[in-house]
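Letters go in sequence order (proteins before strands), and every chain restarts at 1.
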2 protein chains.
Amino acid sequence: MPLSTRESIIALAENHIQQNGYNAFSYYDIAVQLGIKNAAVHYHFPKKKDLLKGVLDKSEQHFQNMVELSKHNDINYMDKLNRFLKIYDDNLNRQNRVCLMGALATDLFTLPDHLRPALNQLVEAMKNWLTQILEEARNAGEFKFDGVASDRAALICSSMAGALQLARVLGNKEYEVIKSQLIKDLIK
Amino acid sequence: MPLSTRESIIALAENHIQQNGYNAFSYYDIAVQLGIKNAAVHYHFPKKKDLLKGVLDKSEQHFQNMVELSKHNDINYMDKLNRFLKIYDDNLNRQNRVCLMGALATDLFTLPDHLRPALNQLVEAMKNWLTQILEEARNAGEFKFDGVASDRAALICSSMAGALQLARVLGNKEYEVIKSQLIKDLIK
DNA sequence: TTACTTACTTACTAATAAGTAAGTATATTT
DNA sequence: AAATATACTTACTTATTAGTAAGTAAGTAA
């Protein structure tokens, strides 16, 4: 089914944020892409922060769903990990988008304070998803790593976020070598 | 000795970029901080891209010096590594700045094309510095890791960049757990 | 002492930004 | 059929931005 105007605005805003950051797109940019007027975007999201909240909420919902899905034991752990890593692969393939955390972290102090909990929850949800995969995979003897799973999850999240950024600057090969080292470190 | 106006402008611009990104500061912000007028900043750096070039050149010079310095064998390899990691520590301690690569990677596509080589060179210089340390430390038997040193350097660069960002969103503890895992992985 | 350079200030322009108030067409409810 | 809600458009305001042209005061060189 086609997206509603509201959903389209969120999708375009998310894309702009991950392409150029929160401060480098305007309501006009989105209006043009949808063939509507500036004020129509304000109708759906009165302030820019409302639009960001929309992006954040949609994204957190998505991660929460993935946490639920990853509780089922119908697929093996490497496939679950790859499902997580696919998010970064998709960003790389969509014209080298950086991840939402990476983009918004830089802009964080220019954002209204009350949006920080929303971003915090989003990143927690993402990290919890990966933590759960790592924990269970280690218990099942499929992955090996030292320390607590949430610390390893933090390392992988930050590495992948950085990998998308390094790929922009030095080329996509950097992304591949970083990703493959992270995987190797889990299965050796 | 005190900084010249030109040097002060570069220092402030660098700080703004690492605090909020390239698109979230204006010439006016810098002018106010220096107690001069808008146009005085334009006198030293006619276009904003000229100012960014100034920041990039200064930073690359700094990294090139570090590569030279790290060739001397007067200190041990863990100290050399810590000298590299200190850059990230300093950013964390200066009000949670992100690193220059991390900040500019997000803004990259909003920048004039001809500045990309300058950013590329900067990040190459930084990565080469770390690669050299890792290579020599492994040859000397002080560090242990699989694969080529430049790949491991890419992993560490991206992880540390991401760690500064994750620290902003989830808290500074994330930075410490990521950094300590990277070090542990080199000496075990 | 005259010419020239450096490092600015004053005073502007043009473009772009977020945001708003009021009006309109279409569909839905009462 | 009348009232109301939805999803916009038209037309605007205010603020901020990069950038410029012209002027000036202080130093340097010929």
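No side-chain donor-acceptor contact under 3.5 Å links A:Asp107 to the backbone of A:Thr110. Between the side chain of A:Arg152 and the main chain of A:Gly147, no donor-acceptor pair closer than 3.5 Å is present.
The partner of D:dA29 is C:dT2, judged by Watson-Crick or G-U wobble contacts that both fall below 3.5 Å. The partner of C:dT28 is D:dA3, by the rule that a Watson-Crick or G-U pair needs both atom distances under 3.5 Å. Under the Watson-Crick and G-U wobble criteria, each requiring two contacts below 3.5 Å, nucleotide D:dA15 is paired to C:dT16.
When the side-chain nitrogen and oxygen atoms of B:Ser26 are compared with OP1 and OP2 of D:dT17, one or more of them lie within a distance under 4.0 Å. Distances shorter than 4.0 Å separate some side-chain N or O of B:Lys47 from OP1 or OP2 on D:dT20. Contact annotation: A:Thr5 does not reach the phosphate of D:dA7 (side-chain N/O to OP1 or OP2, under 4.0 Å). Contact between the side-chain N/O atoms of B:His42 and the OP1/OP2 oxygens of C:dT9 is not found at any separation under 4.0 Å.
For the pair A:Asp29 and A:Ala39, both in contact range of DNA chain C, the more 5′-proximal nearest nucleotide belongs to A:Asp29.
Taking atom OH of residue B:Tyr28 and atom C1' of nucleotide C:dA17, one finds them 18 Å apart after rounding to whole Å. In this structure, A:Lys37 places its NZ atom 17 Å from C1' of C:dG19, rounding to the nearest Å. Here D:dA18 presents its P atom at 13 Å from CG of B:Leu111, a figure rounded to the nearest Å. Atom pair A:Tyr43:OH and C:dA25:P shows a separation of 17 Å (rounding to whole Å applied). Nucleotide C:dA15 holds its P atom 20 Å from the CG atom of B:Asn23, rounded to whole Å. Atom CD1 in B:Ile9 sits about 11 Å away from atom P in C:dA7, given to the nearest Å. Atom C1' of nucleotide C:dT9 and atom NE2 of B:His44 are separated by 13 Å, given to the nearest angstrom. Rounded to whole angstrom, the span from the CG atom of A:Asn38 across to the C1' atom of D:dT13 amounts to 13 Å.
Using a 4.0 Å heavy-atom criterion, one finds that A:Phe25 contacts the sugar-phosphate atoms exclusively. Counting non-hydrogen atoms under 4.0 angstrom, A:Lys48 reaches the backbone sugars and phosphates but no base. Backbone-only engagement by B:Tyr27 is indicated by non-hydrogen atom pairs under 4.0 Å involving sugar-phosphate atoms exclusively.
Aromatic ring orientation, B:His16 versus B:Phe25: parallel (interplanar angle below 30°, classes split at 30° and 60°).
Atom CG in B:Asp151 sits 7.0 Å away from atom NZ in B:Lys127 (nearest 0.5 Å).
Taking the centre and axis of the six-membered ring of A:Tyr22, the NZ or CZ atom of A:Lys48 falls inside the cone set by 45° and 6.0 Å.
Between D:dC8, C:dA21, C:dC8, one nucleotide has an atom nearer to the side chain of B:Ile36 than all others, and that is C:dC8.
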